[in-house]
Amino acid sequence: MISRNVAAVRDGWATASAGGVGSPGVHGAWGRFSAWPALAGLCGAEYPEASAAEVEELAQACSCYRFEADTEWFHNDLCDYGIVAISPDCRRIGVLAATDTD
């Protein structure tokens with residue numbers, strides 16, 4: 001079953017793996033490894049103490065949403081995105097904003 005959060009998390013992994021507009025990224029396993037701390041932090045897992053299963057469980061339990069911002073540095077194009085993760089009890093939010101703007 002595909003999680004409702006896959007679309008939001010996929011962008012973070014893709015950026016870590018493939019890089020932005022002007023960078024080559026680190027690809028494959030190193031890209032996934034680079035995205036891991038961001039995913040753990042976004043969903044409230046302790047990194048590096050939390051196991052993969054714990055991070056996955058927390059990420060699945062959170063509600064994730066994409067957002068855009070109206071700023072000079074956030075152009076809302078391919079490599080600009082924001083993700084908000086809300087904990088199941090609605091008492092914690094995690095925010096990740098990324099841009100490849102020069």
Side-chain angles (χ1 to χ4, degrees):
M1 180 168 98
I2 296 177
S3 163
R4 66 186 182 281
N5 299 330
V6 167
V9 173
R10 177 184 52 216
D11 293 332
W13 179 84
T15 302
S17 178
V21 173
S23 66
V26 293
H27 304 287
W30 285 110
R32 291 187 297 278
F33 182 74
S34 297
W36 195 251
L39 178 59
L42 190 62
C43 67
E46 294 294 325
Y47 180 84
E49 294 81 11
S51 69
E54 290 171 320
V55 174
E56 179 182 14
E57 183 179 334
L58 282 168
Q60 293 282 351
C62 289
S63 296
C64 294
Y65 303 93
R66 289 191 57 151
F67 69 88
E68 297 180 353
D70 186 18
T71 69
E72 292 180 24
W73 60 269
F74 201 90
H75 295 173
N76 298 314
D77 59 17
L78 181 63
C79 292
D80 293 348
Y81 58 87
I83 302 171
V84 173
I86 303 172
S87 67
D89 64 3
C90 297
R91 297 185 63 178
R92 183 191 171 283
I93 63 169
V95 179
L96 173 69
T99 184
D100 195 18
T101 304
D102 293 336

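Because only heavy atoms are used, hydrogens play no part in the values below, and waters and symmetry mates are left out as well, while side chains stay in.
Looking at every heavy atom in both residues, Glu49 comes nearest to Glu54 through O-OE1, 4.1 Å. What you find for Phe67 and Ile83 is that their closest heavy atoms are CE2-N, 3.4 Å. The nearest pair of heavy atoms linking Ala50 to Ala45 is CB-CB, 4.0 Å. In terms of heavy-atom proximity, Cys43 sits nearest to Leu58 at SG-CB, 3.7 Å. Contact detail for Ala85 and Leu42: the closest heavy-atom pair is CB-O, 3.5 Å.
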Legend entry - Tyr47 and Val55: CA distance, side-chain angles, deciding distance, side chain to side chain contact (heavy atoms under 4.5 Å, CB included) verdict: CA-CA 9 Å; Tyr47 180 84; Val55 174; over 6 Å; no
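Residue Asp89 holds its CG atom at 9.0 Å from SG of Cys62, rounded to the nearest 0.5 Å.
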